[in-house]
Protein chains: 2
Amino acid sequence: MAGMCVPAPPFPITSGRISLVCRVASVPEEQRCQCISVTSVFIPFKTISSVHLISPRPGCSRLQVIATLKNGRSVCLDSEARWVKVIIRVMMSKAND
Amino acid sequence: MAGMCVPAPPFPITSGRISLVCRVASVPEEQRCQCISVTSVFIPFKTISSVHLISPRPGCSRLQVIATLKNGRSVCLDSEARWVKVIIRVMMSKAND
């Protein structure tokens with residue numbers, strides 16, 4: 001969670017370490033990561049109907065790649081997997097067909 | 001619209017041409033193209049929060065590239081424009097940051 005930490009108010013420091021009070025800014029639902037986990041298991045191109053690329057943002061620091069399959073399921077893909085990059089390149093190249 | 005045409009029932013052909021009765025299969029709303037027109041006017045990468053790539057499908061024969069901007073607006077992009085391909089490549093390359 002994005003958060004802002006400020007030194008704790010002056011009270012006896014027991015552990016000798018400066019304790020910080022972090023005011024954790026609650027991140028609105030839609031800003032948080034939609035993908036809790038990702039798969040790098042290959043999914044055939046023909047079964048994919050769309051791919052949604054969501055840029056990193058305050059509530060989610062990584063790129064999210066969400067494929068919607070023709071059976072209606074949505075799957076979070078590993079944005080670093082080579083086949084994911086190839087699938088997106090193939091989708092874009094089909095624009096010239 | 002996708003359609004299936006069958007020879008018209010036998011009735012006096014006045015114009016001498018075989019008339020066809022086309023049973024036009026009505027394409028469900030969600031299958032049709034979401035993009036009526038596209039823009040090839042450059043949109044700065046920083047203003048884009050996500051890009052949705054929708055593969056061609058029965059109701060829409062072309063690739064659709066829909067950008068959602070940080071101001072909440074959605075814009076249909078020209079999938080053949082060079083800068084659109086570059087923006088998607090940049091998004092994917094940021095996966096390794």
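Order of the sequence lines fixes the chain letters, A, B, ..., with proteins taken first and strands second; residue numbering starts at 1 for each chain.
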message: Quick check on the hydrophobic clustering: are M91(B) and I66(B) connected, directly or via other members, by side-chain heavy-atom contacts under 4.5 Å?
response: no
task: Please check if V75(B) and V38(B) belong to a single hydrophobic cluster, counting links between Ile, Leu, Val, Met, Phe, Trp and Tyr side chain heavy atoms closer than 4.5 Å.
output: no
- prompt: What pairs of residues pass the ring-ring contact (aromatic ring centres under 6.0 Å, His included) test when at least one of them lies in residues 60-85 of chain B, not counting sequence neighbours?
  reply: F42(B)-W83(B)
- prompt: By ring pair (Phe, Tyr, Trp, His ring centres under 6.0 Å), which residues pair with F45(A), not counting sequence neighbours?
  reply: none
task: Determine which pairs satisfy ring-ring contact (aromatic ring centres under 6.0 Å, His included) with at least one residue from residues 53-79 of chain B, sequence neighbours left out, and list them in order.
output: none
statement: Expected contact set for residues 48-56 of chain A against chain B at heavy-atom separation under 4.5 Å reads I48(A), S49(A), S50(A), V51(A), H52(A), L53(A), I54(A), S55(A)
- line: Only residue of K85(A), E80(A), R89(A) satisfying side-chain contact (heavy atoms from CB on, under 4.5 Å) with M92(B) is K85(A)
